[in-house]
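Some notes on the structure that comes next.
Protein chains get the first letters and strands the later ones, always in sequence-line order, with residue 1 at the start of each.
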Amino acid sequence: MLDPRLFRSDLEETARLLARRGYLLEVERLSALEAERKSIQIKTQELQSARNANAKAVGMAKKEGRDAADLVAEGAALAEQLKAAEAQLSEVQGHFEAIALAVPNIPHESVPEGRSEEENVEVRRWGSPQAFDFTPRDHVDLGAALKLMDAETAAKITGARFTVLSGALARLHRALIQFMLDLHTGEHGYKEMYVPYLVNADSLRGTGQLPKFEADLFRLAGEQPYYLIPTAEVPVTNVVRDLILEDGELPLKMVSHTPCFRSEAGSYGKDTRGMIRQHQFEKVELVQIVRPADSFAALEQLTANAETVLQRLELPYRTVVLCTGDMGFSSTKTYDIEVWLPGQQSYREISSCSNFGDFQARRLQTRWRNPATKKPELAHTLNGSGLAVGRTLVAILENYQDEAGRIAIPDALQPYMGGITSLSP
RNA sequence: GGAGAGGUGGCUGAGUGGUUGAAAGCAGCGGUCUUGAAAACCGCCGGGGGUUCGCGCCUCCCGUGGGUUCGAAUCCCACCCUCUCCGCCA
């Protein structure tokens, strides 16, 4: 959520900044609501003040044994007016809030303007796609040849967009998780977190998935209105909801491995083949809570932390900065890391690293005590995948294949593979 | 699932209808004293919102949401959470 003050004192400028990302702010509606809000709020507070004074007067009169009937009658009249004013106020505030909650974050000035994915800007490239002297196969063919990846069985057990992995491939998948966690905790200074995979609506509202993106989530049908997490961002970032952190606690860097569940509504026909887009996948997530002045430097660091995973695995990738039109709802700036997939002859997203500024923190009420002012101020939050495990597995299969369909195990993963150095059909 | 207890400021903990946003203690901050420190003493010390150039003034917040009342931390209802005991269980 943006600072509501922006809608009051800086409405035109805010609308202009949001227009960069193609969002049309309801300027007239907001300024009309604001005018209404102001007069109703002042009136309401005056009535509250009168009520309080009257109640005190009644109390004193009774204590002194005087007749308070007139005062009580006056109070009753005030109470009636107040009730009406409060109802009006909460209606206006409700409208205001409903609009405010649906407004996306303002892109940072360094974000290139653009309408779609095509206008994202590549900022760097690491490694170079290997030249195969045969036609490289995609992970579906490779997995099937190995007999270690099975979508049909998953479809029988559950339905479309699930996978069963078995044997050494399942182990490789687990090895990736261990490797990533060890790297981020051991070398990058993140604290490992184990968190709930079911969350309440407040948490989803805090990180911005609700109210706007309910359709992307799986909701439990039981008594408790719980949701399956779409990313560890939700539980991990909500660790600091409603907290005022001391300066010394920042930056707070957390890493967590969780499964992620996404309904993928609206993606029909997209990536239906293979493990690229599933309803359930594993992810290692990096989250940082930082001082406001540090957040853009932290974004560079966090992105580099995610890239290190690919470098250690020796997987070629490129990093792009998302243009204003392709950024997520809550983000001020996002880097996507895209890994090379020989089977598709293209770079595919494997991590998305974002700085949310104070946008999530405002919803979460996550603050830090600024030592300079001694006052609580909103912290800044960031997160990024480090990395999406399923897609990393796909990248290894496709990049480490040979003509016989054998998959070499990257050196960095061998300590986790119990002596297995390759997977063979 | 059954039975009970409880949710008050950073923490401990008073407060059961009336000038209570809330005693007291601890912690924290500033000061006096001291060569320095400790102790002692004095003062300050929650958060959100509105308004104002600012000092300030007003308002809301005692788990959450409703209700009763001139007036609610205090009474009533619903919900949430925590703890204890029993049962079941990875």
Side-chain angles (χ1 to χ4, degrees), chain A residues 1-11 30-31 33-101 194-206 210 220 222-227 235 238-250 252 259 358 360-379:
Chain A
M1 189 162 59
L2 294 175
D3 188 342
R5 271 179 279 255
L6 291 176
F7 300 138
R8 298 209 274 264
S9 47
D10 259 330
L11 189 56
L30 278 167
S31 63
L33 274 172
E34 165 56 12
E36 219 181 325
R37 187 228 103 226
K38 190 162 177 170
S39 73
I40 295 172
Q41 182 159 356
I42 288 172
K43 184 174 151 210
T44 304
Q45 293 189 350
E46 280 169 1
L47 283 167
Q48 285 169 333
S49 185
R51 176 206 54 197
N52 293 345
N54 172 269
K56 280 177 186 173
V58 173
M60 281 194 343
K62 291 206 167 171
K63 196 173 271 178
E64 291 165 13
R66 286 186 279 118
D67 174 41
D70 286 356
L71 285 170
V72 168
E74 199 181 305
L78 279 170
E80 205 168 307
Q81 291 176 56
L82 181 57
K83 197 169 180 178
E86 281 176 340
Q88 251 184 68
L89 182 62
S90 86
E91 194 189 331
V92 171
Q93 282 174 334
H95 286 154
F96 201 93
E97 184 139 312
I99 295 177
L101 275 174
Y194 170 77
V195 292
Y197 304 156
L198 300 179
V199 294
N200 59 36
D202 282 344
S203 292
L204 288 158
R205 212 168 294 121
L210 287 180
L220 266 60
E223 243 177 273
Q224 296 285 359
Y226 291 155
Y227 295 80
N238 273 279
V239 164
V240 296
R241 171 147 54 94
D242 294 327
L243 294 186
I244 299 176
L245 300 159
E246 293 306 324
D247 186 56
E249 296 178 74
L250 301 182
L252 180 57
D358 62 15
Q360 285 183 333
R362 185 169 292 105
R363 294 170 167 238
L364 292 160
Q365 280 303 298
T366 297
R367 291 164 294 171
W368 72 302
R369 198 170 294 279
N370 184 342
T373 62
K374 298 190 174 149
K375 287 285 167 195
E377 296 172 17
L378 293 168

> Where the side chain of A:Q48 is concerned, which of B:C60, B:C81, B:G47 is the nearest nucleotide?
Replying inline: B:C60
> Roughly, in whole Å, what's the span from CG in A:D242 to C1' in B:U64?
Replying inline: 12 Å
> For B:U51, does either OP1 or OP2 sit under 4.0 Å from a side-chain N or O belonging to A:R37?
Replying inline: yes
> Any side-chain heavy atom of A:N238 sitting closer than 4.5 Å to one from A:V199?
Replying inline: no
>> With a 3.5 Å limit on both atom pairs, tell me what B:G46 is paired to, counting Watson-Crick and G-U wobble, or say none.
In response: B:C61
>> A side-chain contact here means heavy atoms from C-beta on lying under 4.5 Å apart; do A:R205 and A:D202 qualify?
In response: yes
> Say you pick atom P in B:C33 and the same atom in B:A38; how far apart are they, in whole Å?
Replying inline: 15 Å
> With both distances kept under 3.5 Å, what pairs with B:A37, Watson-Crick or G-U wobble?
Replying inline: none
>> Rounded to the nearest 0.5 Å, what separates atom CG in A:L6 from atom CE in A:M1?
In response: 11.5 Å
>> I'd like to check A:L378 versus A:T366 (side-chain heavy atoms, cut-off strictly below 4.5 Å). Are they in contact?
In response: no
>> I want to check one thing: is the phosphate of B:G48, taken as OP1 and OP2, less than 4.0 Å away from some side-chain N or O of A:R5?
In response: no
> Is any side-chain N or O of A:R367 closer than 4.0 Å to OP1 or OP2 of B:G48?
Replying inline: yes
>> Can you tell me the base-pairing partner of B:A22? Count Watson-Crick or G-U wobble geometry only, both distances below 3.5 Å, and say none if there is no partner.
In response: none
>> Just N and O in the side chain of A:K56: are any of them under 4.0 Å from OP1 or OP2 of B:G71?
In response: no
> C1' atom, B:U12 versus B:G46: distance in rounded Å?
Replying inline: 16 Å
>> Within the 4.0 Å heavy-atom criterion, would you say A:G59 contacts the bases, only the backbone, or no part of the nucleic acid?
In response: base
> If you look at every strand shown and take non-hydrogen atoms under 4.0 Å, does A:K38 touch a base, only sugar-phosphate, or nothing?
Replying inline: sugar-phosphate
> Among A:L243, A:L250, A:V240, which residue meets the side chain to side chain contact (heavy atoms under 4.5 Å, CB included) test with A:W368?
Replying inline: A:L250
>> If I pick the P atom on B:C42 and the same atom on B:G25, what distance separates them, to the nearest angstrom?
In response: 10 Å
>> Give me the distance, rounded to whole Å, that separates B:C61 from B:A5 when you measure between the C1' atoms they each carry.
In response: 26 Å
> Which nucleotide in the set B:G49, B:C70, B:C81 lies at the smallest distance from any side-chain heavy atom of A:N54?
Replying inline: B:C70
> If we call it a pair only when both distances are under 3.5 Å in a Watson-Crick or G-U wobble match, what pairs with B:C85?
Replying inline: B:G2
>> Whole angstroms only, please: what is the CG-P distance between A:D67 and B:C70?
In response: 15 Å
>> Please give the distance between the P atoms of B:G87 and B:C81 as a whole number of Å.
In response: 24 Å
> In whole Å, what separates the C1' atom of B:G49 from that of B:G21?
Replying inline: 15 Å
>> With a cut-off of less than 4.0 Å, is there a side-chain N or O of A:S49 near OP1 or OP2 of B:U59?
In response: yes
>> In whole Å, measure the gap between the C1' atoms of B:U59 and B:U52 for me.
In response: 15 Å
> Can you tell me how far P in B:C70 sits from the matching atom in B:C83, rounded to whole Å?
Replying inline: 41 Å
> Taking CE from A:M60 and P from B:U19, how many angstroms apart are they, rounded to a whole number?
Replying inline: 11 Å
> What's the CZ-C1' distance between A:R362 and B:G49, to the nearest Å?
Replying inline: 14 Å
>> Please determine whether a side-chain nitrogen or oxygen atom of A:N52 lies at a distance below 4.0 Å from atom OP1 or OP2 of B:G18.
In response: no
> Between atom NZ of A:K375 and atom CZ of A:R369, what is the distance when rounded to the nearest 0.5 Å?
Replying inline: 7.5 Å
> Where the side chain of A:I42 is defined as all heavy atoms beyond and including C-beta, which of B:U51, B:C58, B:G71 is the nearest nucleotide?
Replying inline: B:U51
>> Does a side-chain N or O of A:R51 approach OP1 or OP2 of B:C60 to a distance below 4.0 Å, or not?
In response: yes
> With a 4.0 Å cut-off, would you call A:R37 and A:E34 a salt bridge?
Replying inline: yes
> On a plain distance test, is the side chain of A:Q45 in donor-acceptor contact with the base of B:G49 below 3.5 Å?
Replying inline: yes
> Which comes earlier along RNA chain B counting from the 5' end, the contact point of A:E74 or that of A:A55, where each point is its nearest nucleotide?
Replying inline: A:A55
>> Expressed as a whole number of angstroms, how long is the span from A:K83:NZ to B:A72:P?
In response: 13 Å
> Which one is paired to B:A14, where only Watson-Crick or G-U wobble pairs with both distances under 3.5 angstrom count?
Replying inline: none
